[in-house]
Number of protein chains: 2
Amino acid sequence: MNETLDLTNGCESCPIKHRAVCARCDADELETLDGIKYYRSFEAGQTLIWSGDRMEFVGSVVSGIASLTQTMEDGRTQMVGLLLPSDFVGRPGREFATYDVVATTDVVMCCFRRKPFETMMVETPHVAQRLLEMTLDELDAAREWMLVLGRKTAREKIASLLSIIGRRDASLKLEGMVGRIVFDLPLTREAMADYLGLTLETVSRQMSALKRDGVIELEGKRHVTVPSFERLMDEAGDDADGGMMA
Amino acid sequence: MNETLDLTNGCESCPIKHRAVCARCDADELETLDGIKYYRSFEAGQTLIWSGDRMEFVGSVVSGIASLTQTMEDGRTQMVGLLLPSDFVGRPGREFATYDVVATTDVVMCCFRRKPFETMMVETPHVAQRLLEMTLDELDAAREWMLVLGRKTAREKIASLLSIIGRRDASLKLEGMVGRIVFDLPLTREAMADYLGLTLETVSRQMSALKRDGVIELEGKRHVTVPSFERLMDEAGDDADGGMMA
DNA sequence: CGCGGTCTTGAACTGTGTCAATTGCTGTGG
DNA sequence: CCACAGCAATTGACACAGTTCAAGACCGCG
């Protein structure tokens, strides 16, 4: 997943420095942050944080993908967030975690000790401002997802998920979001099901259906080719503009 | 809904001054806010803001209830937020609205002209800090709701909605959330359906079922009595603690 | 080669949606 | 005061999307 992730130079060479909570910080502020931060690696499948745990740190995903998950007593689980590089984990001012955070792929986190980070939030507006922006974006994403969960059919749900992942991937590679798109699914069928509020059987069936109908092509289980992104968007039931008026 | 809402004294007598975006502001800051604010009333059923509209203002719900709604081209709609008194409407830094905002009851809003409000956000940290807190709370609520939409049965969904409304109402009346609870539903069956990702027929059926099973009592369509709040929580499928570890 | 994942496919079942008829409530006008 | 219109809600019958349970395929790995 991460080719060569060089963290020895500190923030200078950090791959997420333009998008993370620290994106707005000046040199002084980065200095302060440097004093309270440390890196941690997690393997795919590992749980970074258990719901109910005391939070020792907050932090940013540097590389890899993690998921925020909620579980009911009887075992039903719902993924409530997909954490990509630069996304923020944890809530300043809250002592205990409310969700499980699980590494979907290998993950590297840039962690800040919680207490000093909270102090910094009050004293330096740049961190708080950036965090507000990021939180507003996540809120929008969550609400977007509520429409998917509440009103879309299984086929539309799958198409929605694929177009989100495809879009993210394209923007990462600086490609346009038109025509042919190729990417690897970072999620198992079960994780997809948990995200979409479906069973893994239904996910599998709908993936097969989309393949049969030529909306996607599959090599192996994870490698996806989308011949026409417009077609995929259409299947997702989104407006053609893809929420561009946002 | 609003007995006597006296707004002539400005912020002094404002019923939401402890919980709104302005809750942390000192006298000076309130002064500044006063210069950019105005009140607006809306009638039940009226649309305050259309998705895609240019946002002239952001602001707080002073009294009444509004809903945030998203609609697909074919008419399927999903409510993505319930706006109660003190809740914030609009997103600083965004020019166009992304959701419809509809008055569910008569509503009074305290509006701030957007541009000057945005300037203020940068200059006075108190507004931004409070907004961050509120946004984080809303994000949590949205994620909570994703579990409801994605994994709960129709019956559990109804019970979840009733317990949320009941809880809010109890805390407003400063009652405890145990044993007998009585409140009025501020939503039509259709609005409930839009919130829960169900049809209004299913909502109606499940309301009848909960009534038949003694979980709730109904007088007319809107007046609800919950003999045992614990029983209701149980039907909602939530842990007994009701998310107290948050 | 066989073993343990992950994924696919099938068949039967079921919860929720759909369509349609009916009830009940509220306010209006005769 | 009753009749009636108009709307919200209830109820029923049936259809169907998605779940459940179960069998098997695929694939990498010892």
Side-chain angles (χ1 to χ4, degrees), chain A residues 43-46 67 72 74-78 102 104-105 148-162 184-213 216-224 235-237, chain B residues 43-45 67 72 74-78 102 104-105 148-162 184-213 216-224 235 237:
Chain A
E43 286 178 18
Q46 221 183 328
S67 64
M72 295 172 67
D74 61 8
R76 281 176 283 176
T77 78
Q78 175 65 50
V102 183
T104 292
T105 64
V148 172
L149 291 174
R151 291 302 184 192
K152 292 197 177 178
T153 65
R155 172 182 261 245
E156 289 169 333
K157 284 179 174 181
I158 301 282
S160 298
L161 179 57
L162 293 177
D184 283 301
L185 267 178
L187 302 174
T188 63
R189 296 293 125 105
E190 187 180 20
M192 291 173 71
D194 284 345
Y195 201 17
L196 296 168
L198 298 169
T199 59
L200 91 183
E201 292 96 329
T202 300
V203 170
S204 184
R205 272 187 253 276
Q206 296 298 338
M207 287 290 285
S208 301
L210 289 175
K211 180 175 156 192
R212 171 167 31 75
D213 299 345
I216 59 174
E217 291 153 25
L218 287 173
E219 286 163 75
K221 282 97 172 52
R222 301 294 193 83
H223 193 76
V224 179
E235 292 284 354
Chain B
E43 286 177 19
S67 64
M72 294 172 68
D74 62 7
R76 282 177 281 176
T77 78
Q78 175 66 49
V102 183
T104 292
T105 65
V148 173
L149 291 175
R151 291 302 186 192
K152 292 197 177 177
T153 64
R155 173 182 260 243
E156 288 169 334
K157 284 179 174 181
I158 301 281
S160 298
L161 179 57
L162 293 177
D184 282 303
L185 267 178
L187 302 175
T188 63
R189 296 293 124 105
E190 187 180 20
M192 291 173 73
D194 283 345
Y195 202 17
L196 296 169
L198 297 169
T199 59
L200 93 188
E201 292 94 331
T202 301
V203 170
S204 185
R205 271 187 254 276
Q206 296 299 337
M207 288 289 285
S208 301
L210 288 174
K211 181 176 156 192
R212 172 166 32 74
D213 299 346
I216 59 174
E217 291 153 24
L218 286 173
E219 287 163 74
K221 281 96 172 49
R222 301 299 193 80
H223 193 76
V224 180
E235 291 285 355

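Chain A is the first sequence line, chain B the second, and so forth, proteins listed ahead of strands; every chain is numbered from 1.
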Interatomic distance where NZ belongs to B:Lys211 and P belongs to C:dG24 [whole Å]: 11 Å
Summary of protein contacts for nucleotides 4-13 of chain C, nucleotide by nucleotide, where a base hit scores B, a sugar-phosphate-only hit scores S (4.0 Å, heavy atoms): ---SBBBB--
Any residue meeting salt bridge (Lys or Arg N to Asp or Glu O under 4.0 Å) with A:Arg189, in chain and number order, not counting sequence neighbours: none
Any residue meeting side chain to side chain contact (heavy atoms under 4.5 Å, CB included) with B:Lys211, in chain and number order, not counting sequence neighbours: B:Ile216, B:Leu218
Shortest non-hydrogen separation from B:Leu185 to B:Lys221 and the atoms involved: CD1-O, 4.3 Å
Atom-to-atom span, CG of A:Leu198 to P of C:dT16 - whole angstrom: 14 Å
Of all pairs that satisfy side-chain hydrogen bond (donor to acceptor under 3.5 Å, both in side chains), the ones with a partner from residues 200-209 of chain A, not counting sequence neighbours: A:Thr199-A:Thr202
Side chains of A:Met72 and B:Lys152 in contact at under 4.5 Å (non-hydrogen atoms): yes
Leading and trailing nucleotides of DNA chain D with any atom under 4.0 Å from heavy atoms of chain A: D:dG18 to D:dC21
Length of the NZ-P vector between A:Lys152 and C:dG17, whole Å: 17 Å
d(CZ, B:Arg155; P, C:dT14) in whole Å: 17 Å
Any residue meeting salt bridge (Lys or Arg N to Asp or Glu O under 4.0 Å) with B:Glu190, in chain and number order, not counting sequence neighbours: none
Heavy-atom pair of closest approach, residues A:Leu187 and A:Met192: CB-CG, 3.9 Å
Separation of C:dG17 C1' from B:Asp74 CG (nearest whole Å): 14 Å
Closest contact, heavy atoms only, A:Leu196 versus A:Lys157: O-NZ, 3.0 Å
